[in-house]
Amino acid sequence: MLDTALCLERFAWFAGRHADLSVQSLSLASDPAFVCVRNRFSATLAENVTCSDDGSFVTSWGYRLGTADDVEADPARLAYLLAALPA
């Protein structure tokens with residue numbers, strides 16, 4: 001069985017190293033466990049990401065970012081979704 005907590009820890013690690021993202025919190029004791037990630041340049045653009053039993057990273061509104069098999073690339077998809085463009 002997949003260790004979803006470990007998968008979320010790895011997702012948070014890679015998200016924290018992405019130039020446009022900042023990890024706000026990692027909540028492994030909650031049900032479901034999640035990591036809260038925000039756009040580094042905006043306090044309001046944030047998203048909670050969970051990991052399903054099959055290893056998929058999913059946003060709180062149901063968008064599938066990718067899987068634990070390619071966790072290095074998944075935070076980049078989240079950064080794209082949280083991108084703030086100048087007006």
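Reckoned from all heavy atoms, side chains included, excluding hydrogens, waters and symmetry mates.
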| query | With hydrophobic residues grouped by side-chain heavy-atom distances under 4.5 Å, do Leu28 and Val49 end up in a single group? | reply | yes

| query | Linking I/L/V/M/F/W/Y whenever their side-chain heavy atoms sit closer than 4.5 Å, directly or via other members, would Val58 and Leu81 fall into one cluster? | reply | no

| task | Check Ser30 against Pro32 and note the closest heavy-atom contact, atom names and distance. | result | OG-O, 2.8 Å

| query | Can you find a pair of side-chain heavy atoms, one from Phe14 and one from Asp74, that are under 4.5 Å apart? | reply | no

| query | Just by modelled atom types, is the Ser60 backbone N or O under 3.5 Å from a matching donor or acceptor in the Asn48 side chain? | reply | no

| Near Asp54 CG, under 6.0 Å, is it more than 12 heavy atoms from other residues, nucleotides or ligands? | yes

| request: Identify the heavy atoms of His18 and Arg40 that sit nearest to each other, and give their distance. | output: O-NH2, 2.9 Å

| task | Please name the pair of heavy atoms, one in Ala79 and one in Asp20, separated by the smallest distance, quoted to 0.1 Å. | result | CB-CB, 4.4 Å

| said: If you define the side chain from C-beta out and look only at heavy atoms, does anything of Asp53 sit under 4.5 Å from Thr4? | reply: yes

| Hydrophobic cluster membership, Phe11 vs Phe34, 4.5 Å side-chain cutoff | no

| task | Answer yes or no: is there a side-chain heavy-atom contact under 4.5 Å between Glu47 and Leu78? | result | yes

| According to a 4.5 Å side-chain heavy-atom criterion applied to Ile, Leu, Val, Met, Phe, Trp and Tyr, with indirect links allowed, do Trp61 and Val37 form part of one hydrophobic cluster? | yes

| task | Using atom types as modelled and distance alone, determine if a side-chain donor or acceptor of Arg17 lies under 3.5 Å from a backbone N or O of Trp13. | result | yes

| field | Heavy-atom side-chain proximity of Val23 to Val35 below 4.5 angstrom | value | yes

| query | For the residue pair Ser52 and Leu2, what are the closest heavy atoms and their distance? | reply | O-CD2, 4.3 Å

| query | Less than 4.5 Å apart, any side-chain heavy atom of Phe57 and any of Pro75? | reply | no

| request: Look at the side chain of Arg38 and the backbone N and O of Ser42, then say whether any donor-acceptor pair between them is shorter than 3.5 Å. | output: yes

